[in-house]
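The structure appears right after this line, and notes come after that.
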Amino acid sequence: MKSMNKIDLIKECESAGTIGISGHIRPDGDCVGACMGLYLYLKKVFPEKEITVYLEKPADIFNCIKDIDRIEQRYGCTDEGCFFIPPRDVFFAVDCSKDRLGRAESLFDAATKKINIDHHVTNADGTGDVNYVIPDASSASELVCNLIEEEYMDVDIAMALYIGMIHDTGVFQYSNTKPETLQTAAKLIGYGFNFPKLIDETFYEKTYVQNQILGRALLESILFLDGKCVVSVIDKKTMNFYGVGPKDLDGIVNQLRIIKGVECAIFLYETGTLEYKVSMRSCGKVDVSKISAAFGGGGHMRAAGCTLNGTSHDIINNLSEQIEKQLIDGVNA
Ligand code: AMP
Ligand code: MN
Ligand code: MN
């Protein structure tokens, strides 16, 4: 693993006329916050440049972020047809490696200069021409904050990045919260936004149906490996019954993880015929990034994910084999 120096965003973008920014498919709070924080910053430094965020539609809870409505969702091929975007001079992949950009991957590939800002241990080398990947960092939003020249920082940029940080740290609760994380967050709240409201409205608050499906997932969860592991599966039919989509399932796996005695939690939801999105969380004895990476996904030691094909039973069997191995032999075996 190379140690990576900070990159000079202003220098990297100075001669570009067009700049694109994107993050991973099914964008979470960190992905949205980091992309928008970076966008608002670059727009402030270079008001004359054409700067665009290409991202799947973020959840409505993020509507409080300035200029969120300027995100371009029409790129690549969608249900509405195919949209050609001329190659950008600079393109940023934020909070993921290039292969998780979805419809934006070809825009990244076509760009003259590709920059990758990420904090996933499974992308330690980066996938850009220029890389800033710090697996120890709490969030991509913290990394973007590190790269910002303070004279341009303002309340809108600070709020976007703060949202990203609270989402990836569980409001500074998870072990990825470092002293630097809190120092960065302290600096951000100094810009004077209503952070308790933001935490409530973007992190804790759930709609009625979100709570219902959470309850359903908990009710139907199954303990295995002597109570050290828990799994829950939500199929398409159940999602349709409650009228919910993937964005409504956030937080379920975290609730499963905090069951007393559980070392590893798995949550599956059906994304297609014999296809499931898998989320895994660990309390520290299991490195779930290794397991998800072995199945073509990625993530962090305590939070990782992948998409797998097969019946949910087969998927759980395959995952549990790996988890059991780690529980017996240790994380580094
Ligand atoms: P999730 O459970 O989907 O919220 O993901 C937990 C962590 O793993 C997040 O940091 C994700 O960005 C990462 N992750 C999830 N799915 C994948 C994947 N297919 N490839 C790489 N990283 C992933
Ligand atoms: Mn993310
Ligand atoms: Mn992240």
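Note that ligands are numbered from 1 as they come in the structure, with each ligand's atoms numbered from 1 the same way. None of the values given here were measured: they were computed from a predicted structure.
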request  = Show your reasoning for whether salt bridge (Lys or Arg N to Asp or Glu O under 4.0 Å) applies to Arg100 and Glu105.
outcome  = CA-CA 8 Å; Arg100 280 187 81 212; Glu105 186 176 354; over 6 Å; no

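For the pair Lys44 and Tyr41, the NZ or CZ position fails the cation-pi test of under 6.0 Å to the six-membered ring centre and within 45 degrees of the ring normal.
At least one side-chain heavy atom of Leu256 sits under 4.5 Å from a side-chain heavy atom of Ser232. Between Arg281 and Tyr174 there is no side-chain heavy-atom pair separated by less than 4.5 Å. The shortest distance between side-chain heavy atoms of Asp95 and Ile117 does not fall below 4.5 Å.
For Cys96, every N, O or S atom stays at 2.8 Å or more from the Mn ion (ligand 2).
A search for side chain to side chain contact (heavy atoms under 4.5 Å, CB included) contacts involving Ala185 returns Tyr162, Met165, Phe172, not counting sequence neighbours. In this structure Asp129 satisfies the side-chain hydrogen bond (donor to acceptor under 3.5 Å, both in side chains) test with no other residue, sequence neighbours excluded.
Checked against Asp314 for a side chain to side chain donor-acceptor pair (under 3.5 Å), the options Thr311, Asn318, Asn317 give a single hit: Thr311.
Between Phe108 and Phe91, the angle of the ring planes goes over 60°, which puts this pair in the perpendicular group of the 30/60° scheme. Note: Tyr269 and Phe267 have tilted aromatic rings, judged against thresholds of 30 and 60 degrees for the angle between ring planes.
For ligand 1, the 4.0 Å heavy-atom shell contains residues Arg100, His120, Lys277, Ser279, Arg281, Gly297, Gly298, Gly299, His300, Ala303, Ala304, Gly305, Cys306.
Protein N/O/S atoms nearer than 2.8 Å to the Mn ion (ligand 3) total 4.
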